There are 2 protein chains.
Amino acid sequence: MAAARLDSTDHEILSLLREDARRTLADIAERVTLSTAAVKRRIDRMRDEGVITGFTVQVDHARLGWGIEAFTELRFLGTTNVHDIVQTATRMPETQAVFTIAGDPDALVWLRVRDMAHLQRTIDEIRRSQRVTSTKTLIVLERWTRDRGPRPR
Amino acid sequence: MAAARLDSTDHEILSLLREDARRTLADIAERVTLSTAAVKRRIDRMRDEGVITGFTVQVDHARLGWGIEAFTELRFLGTTNVHDIVQTATRMPETQAVFTIAGDPDALVWLRVRDMAHLQRTIDEIRRSQRVTSTKTLIVLERWTRDRGPRPR
DNA sequence: ACTGAAACTGCAGCGTC
DNA sequence: GACGCTGCAGTTTCAGT
């Protein structure tokens, strides 16, 4: 894990890409007062350094009918292989993210589901497939995430 | 919140964009066996419907020296305005996301910090700025998130 | 299908170490 | 003098109508 050194222009480019990753090089170049080639090379370099890991689309899952989010805290036996938990949860389409935790609980699973019945089934599936000793589920009322930039266009 | 109806081609396009949002229309068109114009129309429609909310860059924050992630569970007085909590947390650069919760705890804050001292300061700041009755912080050992597609190129 | 725009690549100049 | 970064110009590919 080499720490990458970024100057202020790099950060500016990252910020612009965070707002809209489909910006053209010319657009970015104009805003940071560089040529398009220079911008491209900086982006390529940040990709090579591992600072930029990819470009992705942001989807409003609620619009697709997956309107409920929840966090499930998991506790399991000391003998349980932590990696197995992650593997299992990862394979479920409802799983948005999995965090293994130092302390109590042992893991935190971020779920996205269609409705309450679906949530129930999903939690049951997690409990069934692992040596889970207890779960506690937090239903999300509202969410704010940093990665939402101003709507492009 | 109108539920949008997407066919399998739309989902395929979304999946391709999730892997790499900077794909060209021509590339996508070839993979879904459509013309570039047809692909563009579908993407524009999904944007208009609010299914696609934007395009963003994925950054490895650990490479930038922000190597520690944590969740802080917040509990506060019944008189507290939930919105204020979100506002406060949102303004902190360390805050990755804020979830308000139905039940106990009242909120969950996803933090990203440079080191433990930084985490300490960040939590103190949250406690200080709100009518927080208690906090419990979970240090993340490992994370898996769905939004990571295969590395492009 | 067509036209203007954007991305990519090679080359040369400039400053830093 | 090697390295890193830049601008410019030519070529190819892409976006938008």
Side-chain angles (χ1 to χ4, degrees), chain A residues 1-60 63-64 147-153, chain B residues 4-67 147-153:
Chain A
M1 185 187 89
R5 233 186 306 284
L6 271 59
D7 64 15
S8 65
T9 304
D10 289 328
H11 277 108
E12 217 172 323
I13 291 171
L14 276 185
S15 173
L16 289 168
L17 286 175
R18 214 174 295 129
E19 281 178 9
D20 181 8
R22 280 184 78 87
R23 251 183 235 280
T24 62
L25 297 179
D27 179 25
I28 298 169
E30 190 185 351
R31 291 166 196 266
V32 302
T33 54
L34 277 179
S35 71
T36 60
V39 170
K40 181 190 170 354
R41 273 163 205 141
R42 279 173 182 264
I43 293 175
D44 286 346
R45 174 174 49 75
M46 287 191 277
R47 261 187 35 81
D48 292 343
E49 288 172 343
V51 173
I52 292 176
T53 60
F55 300 92
T56 196
V57 63
Q58 294 170 303
V59 174
D60 184 347
R63 296 243 173 204
L64 297 178
D147 58 7
R148 308 199 149 275
R151 190 78 60 89
R153 253 216 200 161
Chain B
R5 233 186 306 284
L6 272 56
D7 66 15
S8 65
T9 304
D10 289 328
H11 278 107
E12 215 173 325
I13 291 172
L14 275 185
S15 174
L16 288 168
L17 286 175
R18 215 174 295 127
E19 281 178 9
D20 180 8
R22 280 185 78 86
R23 251 182 235 282
T24 61
L25 296 180
D27 180 27
I28 297 170
E30 190 186 350
R31 290 166 196 267
V32 301
T33 54
L34 279 179
S35 70
T36 60
V39 171
K40 179 182 173 0
R41 263 182 264 122
R42 281 172 183 265
I43 293 175
D44 286 347
R45 175 174 49 76
M46 287 192 277
R47 262 189 34 81
D48 291 343
E49 288 172 344
V51 173
I52 292 176
T53 59
F55 301 92
T56 196
V57 63
Q58 294 169 304
V59 175
D60 183 348
H61 293 84
R63 296 242 174 205
L64 298 178
W66 292 57
D147 58 7
R148 310 198 148 275
R151 191 77 62 89
R153 253 221 198 159

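So that the names make sense, note that chain A is the first sequence line, chain B the second, and so on, each numbered from 1. Fair warning: this is a prediction, and the values are worked out from it, not measured in the lab. Values reported hereafter were calculated over all heavy atoms of this structure, with side chains retained and with hydrogens, waters and symmetry mates removed.
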Using the side-chain heavy atoms of [X], tell me which of these nucleotides is nearest: [options].
X        : options                  : result
Leu25(A) : dG16(D), dC8(C), dA15(D) : dC8(C)
Lys40(A) : dC8(C), dG16(D), dC5(D)  : dC8(C)
Arg41(A) : dT9(C), dA7(C), dC5(D)   : dT9(C)
Ala26(B) : dT17(D), dT9(C), dC14(D) : dC14(D)

[X] and [Y] ion-paired at < 4.0 Å:
X        : Y        : value
Arg42(B) : Asp7(B)  : yes
Arg47(A) : Asp60(B) : no
Arg5(A)  : Asp10(A) : no

Subject >> 5' precedence on DNA chain C between Thr36(B) and Asp27(A) (nearest-nucleotide basis) >> reply: Thr36(B)
Spacing of [X] atom [atom1] relative to [N] atom [atom2], expressed in whole Å:
X        : N       : atom1 : atom2 : answer
Ile13(A) : dC5(D)  : CD1   : P     : 12 Å
Arg23(A) : dA15(D) : CZ    : P     : 18 Å
Ile28(B) : dT13(D) : CD1   : P     : 18 Å
Leu34(A) : dG4(D)  : CG    : P     : 18 Å
Asp7(A)  : dT16(C) : CG    : P     : 15 Å
Leu6(A)  : dG4(D)  : CG    : C1'   : 15 Å
Asp44(A) : dG4(D)  : CG    : C1'   : 15 Å

Original post:
Distance check: side-chain N/O of Arg42(A) vs OP1/OP2 of dT6(D), anything under 4.0 Å?
Top reply: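 The answer is yes; a side-chain N or O of Arg42(A) sits under 4.0 Å from OP1 or OP2.
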**OP:** Among Leu25(B), Ile28(B), Leu6(B), find the one that has a side-chain contact (heavy atoms from CB on, under 4.5 Å) with Ile13(B).
**Re:** Ile28(B)
Subject >> Residue that, paired with Leu17(B), satisfies side-chain contact (heavy atoms from CB on, under 4.5 Å) out of Val57(A), Val59(A), Thr56(A) >> reply: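 So the option named by the test is Val57(A).
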**OP:** Would you kindly compare Arg22(A) and Arg45(A) by the position of their nearest DNA chain D nucleotide and give the one closer to the 5′ end?
**Re:**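 So the residue in question is Arg45(A).
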**OP:** Could you say whether Ser35(A) or Thr24(B) is positioned toward the 5' end of DNA chain D, judged by the nucleotide with the nearest heavy atom to each?
**Re:**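 The residue closer to the strand's 5' end, by nearest nucleotide, is Ser35(A).
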